[in-house]
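Letters A, B, ... mirror the listed sequences (proteins, then strands); counts begin at 1.
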Number of protein chains: 2
Amino acid sequence: MRRQKKAQPREPRPPTARGAATRARIVEAAAGLVYRRGASATSLEDIMEASATSKSQLYHYFADKDALMRAVIELQTRRVMGVQAAHLDTVDSLAGLRRWRDAMVTINKAARGVGGCPLGSLASELSDRSESARALLAHGFELWELQLRRGLGAMRDSGKLKPEANPAELATAVIAALQGGLLLAQTTRSSRPLELALDMAIGHIARLSG
Amino acid sequence: MRRQKKAQPREPRPPTARGAATRARIVEAAAGLVYRRGASATSLEDIMEASATSKSQLYHYFADKDALMRAVIELQTRRVMGVQAAHLDTVDSLAGLRRWRDAMVTINKAARGVGGCPLGSLASELSDRSESARALLAHGFELWELQLRRGLGAMRDSGKLKPEANPAELATAVIAALQGGLLLAQTTRSSRPLELALDMAIGHIARLSG
DNA sequence: TTTCGACTGGACTGTCAAGTCCAGTTCCGG
DNA sequence: CCGGAACTGGACTTGACAGTCCAGTCGAAA
């Protein structure tokens with residue numbers, strides 16, 4: 001947990017296809033375990049078993065567990081962005097936003113609340129414990145907000161939102177509602193809080209529709 | 001982490017004043033550490049040091065670490081309820097809600113985002129890992145919601161909210177916004193997301209004012 | 001003042017985790 | 001086909017942590 005001393009930057013580029021595949025296998029297995037159990041509750045041995053690799057492979061591709069967790073954050077950020085993009089790039093109207101809301105609720109119901117948001121749960125666990133992880137997660141949320149902001153900006157430009165609507169601020173509030181809703185859903189084992197939070201957020205935007 | 005076998009229920013009542021004081025000292029020290037570092041990152045040795053107690057004292061008052069964490073959740077629930085009560089019992093109008101909002105933001109700014117909500121961070125960490133902890137936390141949120149609901153119900157009854165406003169649902173949405181805002185504030189190290197989330201929630205309620 | 005149970009100190013155990021090391025194998029360019 | 005780098009297996013070290021145990025001390029009630 002305390003490296004940083006070595007002069008060379010580590011985290012070597014994987015030059016061969018086999019190496020890249022092994023590295024990817026490790027990160028994917030780690031992401032799955034971390035999503036279900038959290039970062040500190042996931043041991044390297046768990047990851048070794050799930051990815052069919054050995055200690056030396058882990059340490060060949062990652063300087064330490066922290067570095068591996070950073071790679072997990074990056075993978076989850078990409079995944080979340082992918083899922084969000086699939087539902088958000090059609091968001092150019094209130095109806096589109098409601099479709100997005102329904103998709104989020106459906107996903108949550110399928111998971112029965114367990115796990116929550118891959119970024120949100122990592123953010124809660126790591127933000128105060130690793131500055132590099134915190135920065136990475138903040139960046140992930142920023143990308144997400146940007147994506148949402150684009151849709152809201154398009155709505156404003158096409159006259160669907162009043163000119164005084166602030167897409168960036170709206171996007172932040174919407175993501176906050178989603179995260180809070182997911183947290184309560186996870187705790188109460190019910191999707192209802194998520195539905196209420198997202199409906200509130202959409203109502204807030206609807207109030208600004210032009 | 002796996003007891004439950006012993007027939008006797010354990011968790012003995014502390015009959016003497018000295019015992020009660022020791023027990024309270026342990027739980028308070030544990031709560032402080034857990035708030036700052038999370039449950040799994042807080043070791044019993046840390047708690048022993050912070051509370052000036054020994055292993056045998058910990059195990060005299062608590063069956064295992066899980067039981068101690070449950071006591072921590074209960075203490076934090078009481079504390080949060082106390083803080084919330086101090087700001088919420090005057091909430092019988094939109095102006096009162098806005099004062100509450102300002103108080104939450106001020107608290108968050110003072111902590112510079114670190115820690116988040118004592119219940120929220122525990123909920124995120126423990127909900128999927130301990131069913132008893134999850135239930136306790138859900139109960140805490142329920143109490144909180146009830147408290148907020150009371151104020152909103154009073155507003156509705158006094159005609160400050162439209163009759164169709166649903167205090168219970170509004171309360172849940174407000175708490176979700178607060179939790180999500182706190183999470184983003186913790187990650188971005190800025191109180192702005194919290195402000196935006198709470199403003200959205202209050203705007204949502206304002207829209208229902210009669 | 002005796003006695004018993006509440007309470008305390010701290011050594012000890014077993015387990016598990018991160019991280020190290022090195023001997024070996026595989027792969028690829030020349 | 002050969003030399004070196006990329007890659008892999010797994011034993012080993014070190015330390016931390018939860019939980020156990022027992023020999024005590026303290027305090028209040030009889």
Rounded to the nearest angstrom, tell me the gap between atom [atom1] in [X] and atom [atom2] in [N].
X: Tyr59(A); N: dA11(D); atom1: OH; atom2: C1'; value: 15 Å
X: Glu45(A); N: dA17(C); atom1: CD; atom2: P; value: 5 Å
X: Met48(A); N: dA17(C); atom1: CE; atom2: C1'; value: 11 Å
X: Leu68(A); N: dA17(C); atom1: CG; atom2: P; value: 15 Å
X: Asp66(B); N: dA18(D); atom1: CG; atom2: P; value: 11 Å
X: Asp46(A); N: dC16(C); atom1: CG; atom2: C1'; value: 11 Å
X: Arg37(A); N: dA17(C); atom1: CZ; atom2: C1'; value: 14 Å
X: Phe62(B); N: dG19(D); atom1: CZ; atom2: P; value: 13 Å

Check nucleotides 8-14 of chain C against the protein and report each pair of N or O atoms closer than 3.5 Å, with its distance, or say if there are none.
unit_1, atom_1, unit_2, atom_2, d
dT8(C), OP1, Thr22(B), OG1, 3.1
dT8(C), OP2, Gln57(B), NE2, 3.4
dT8(C), OP2, Tyr61(B), OH, 3.1
dT8(C), O5', Gln57(B), NE2, 3.3
dG9(C), OP2, Gln57(B), OE1, 2.6
dG9(C), N7, Ser56(B), OG, 2.3
dG9(C), O6, Ser56(B), OG, 3.3

Nucleotide nearest Ser43(A) when distance is taken to its side chain, options dA18(D), dA17(C), dG19(C): dA17(C)
For the student: nearest non-hydrogen atoms of Ala39(A) and Lys65(A), plus distance: O-NZ, 3.3 Å
Any donor-acceptor N/O pair, Arg70(A) side chain to Leu136(A) backbone, under 3.5 Å: no
Trace of the salt bridge (Lys or Arg N to Asp or Glu O under 4.0 Å) decision for Arg134(A) with Glu131(A): CA-CA 5 Å; Arg134(A) 205 219 92 234; Glu131(A) 175 53 27; 2.5 Å; yes
Ionic contact status for Asp128(B) with Arg36(A), cut-off 4.0 Å: no
Test salt bridge (charged side-chain N to carboxylate O under 4.0 Å, His left out) applied to Asp92(B) - qualifying residues, sequence neighbours left out: none
Considering only distance and modelled atom types, tabulate donor-acceptor pairs under 3.5 Å from the side chains of residues 104-112 of chain B, sequence neighbours left out.
unit_1, atom_1, unit_2, atom_2, d
Thr106(B), OG1, Asp102(B), O, 2.7
Asn108(B), OD1, Ser191(B), OG, 3.0
Lys109(B), NZ, Glu195(B), OE2, 3.3

